[in-house]
Amino acid sequence: ESTHAGTITVNGELVKIAEEAFPECSALTSITLPEGVTSIGDDAFYECTALTSVILPESLSSIGIYGFLRCPLSSVTIPANVTYLGSYAWTDNLSLTDVYVAWTTTLPTIGSNLFLYASIGTATLHVPVGTKALYQNADQWKDFEITDVAPVQVTAYEDPDNKGTFYSSTEAYKVSQTATAFAVVN
């Protein structure tokens with residue numbers, strides 16, 4: 001069992017998360033991978049049973065077999081540049097409520113049982129507007145509740161005297177200073 005603990009933010013010129021990089025790391029709670037990382041190896045985060053937050057870079061192109069097996073992620077955003085998803089990548093994830101994808105014409109190559117024993121029957125797959133039928137007809141995605149509602153964008157300005165507070169024309173939002181994005185859901 002690995003002893004890596006807490007939150008890991010990877011910096012530098014890393015291009016690959018190696019196979020079995022963090023297997024059974026029960027203390028790992030979140031990880032942020034930088035732009036430039038292109039692949040996550042097989043079993044990289046296998047059975048990281050406290051891992052609840054993963055931020056994947058847009059540069060990512062592949063996620064290996066068992067990549068996030070038994071990780072209790074409630075939300076997964078798969079970058080648009082991903083062209084390969086390994087078998088069982090999110091198997092045994094009973095916490096899954098939302099999966100965000102951005103492919104519009106060609107879906108990635110997907111191994112078998114991507115979400116085996118995951119809570120996909122109650123999870124929502126968020127897809128680009130106009131692509132719902134593409135996902136409804138694809139074996140690995142069809143069992144999700146699929147929504148293709150376009151996100152509403154609001155222009156907001158950060159208060160220079162109160163970092164982390166943003167104002168739109170009608171609302172104020174407090175956001176963690178470590179957040180890379182935020183959404184307002186009505």
Side-chain angles (χ1 to χ4, degrees), residues 2 4-25 27-111 113-116 118-120 123-128 131 135 138 140-141 144 146-147 151 175-183 185:
S2 180
H4 302 288
T7 299
I8 294 176
T9 300
V10 179
N11 296 312
E13 297 182 20
L14 184 68
V15 295
K16 179 180 181 179
I17 302 298
E19 292 180 9
E20 300 182 15
F22 301 94
E24 299 175 337
C25 184
L28 182 62
T29 58
S30 68
I31 188 157
T32 300
L33 300 177
E35 282 303 319
V37 171
T38 59
S39 66
I40 295 174
D42 296 348
D43 303 300
F45 298 98
Y46 175 89
E47 289 192 14
C48 291
T49 56
L51 185 60
T52 58
S53 174
V54 173
I55 298 175
L56 302 174
E58 287 299 317
S59 56
L60 190 68
S61 63
S62 68
I63 298 173
I65 298 168
Y66 302 115
F68 294 96
L69 181 121
R70 295 192 186 108
C71 295
L73 298 166
S74 61
S75 178
V76 172
T77 299
I78 305 172
N81 289 325
V82 171
T83 58
Y84 173 77
L85 296 167
S87 298
Y88 308 99
W90 284 281
T91 289
D92 286 336
N93 184 342
L94 300 179
S95 301
L96 195 61
T97 58
D98 293 282
V99 176
Y100 296 85
V101 296
W103 304 290
T104 57
T105 56
T106 304
L107 299 179
T109 300
I110 299 175
N113 300 308
L114 187 64
F115 294 100
L116 183 66
S119 57
I120 62 173
T124 301
L125 178 65
H126 303 267
V127 303
T131 64
Y135 292 89
Q140 297 287 354
W141 307 108
F144 281 91
I146 301 173
T147 181
V175 179
S176 165
Q177 290 185 17
T178 60
T180 57
F182 72 98
V185 180

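Values in this document were obtained by computation on a predicted structure and should not be read as measured data.
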**Report entry** Side chain Asp42, main chain Ile65, donor-acceptor under 3.5 Å
**Finding:** yes
Residue pair [X] / [Y]: nearest heavy atoms and the distance that separates them:
X	Y	value
Lys16	Ser39	CG-OG, 3.1 Å
Ala18	Ala44	O-CB, 3.8 Å
Pro34	Ser59	O-OG, 4.2 Å
Asn113	Gln140	N-NE2, 3.3 Å
Leu51	Ile31	CD1-N, 4.1 Å
Ser119	Leu96	OG-O, 2.6 Å

Query raised in the report: In Å, rounded to the nearest 0.5 Å, how long is the span from CD of Glu24 to OG1 of Thr49?
Result: 9.0 Å
Query - Working for side-chain contact (heavy atoms from CB on, under 4.5 Å), residues Ser61 and Tyr84 - result: CA-CA 7 Å; Ser61 63; Tyr84 173 77; over 6 Å; no
Query raised in the report: Taking atom types as modelled and ignoring hydrogens, do the side chains of Tyr66 and Asp43 form a donor-acceptor contact shorter than 3.5 angstrom?
Result: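 No.
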Query raised in the report: Under the side-chain contact (heavy atoms from CB on, under 4.5 Å) criterion, do Trp90 and Ile78 qualify, and how do the steps go?
Result: CA-CA 12 Å; Trp90 284 281; Ile78 305 172; 3.9 Å; yes
Query - Whether Trp141 and Trp103 hold their rings parallel, tilted or perpendicular, with breakpoints at 30° and 60° - result: tilted
Requested in this report: Indicate the ring-plane relationship of Phe115 and Phe144, choosing parallel, tilted or perpendicular according to the 30° and 60° boundaries.
Outcome: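 Ring orientation of Phe115 relative to Phe144: perpendicular.
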Query raised in the report: Which of these passes side chain to side chain contact (heavy atoms under 4.5 Å, CB included) with Ile17: Ile63, Thr38, Leu33?
Result: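 Result: among Ile63, Thr38, Leu33, Leu33 is the only option passing the side chain to side chain contact (heavy atoms under 4.5 Å, CB included) with Ile17.
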Report task. Could you go through the side-chain contact (heavy atoms from CB on, under 4.5 Å) check for Val15 and Val37 one step at a time? Result -> CA-CA 4 Å; Val15 295; Val37 171; over 6 Å; no
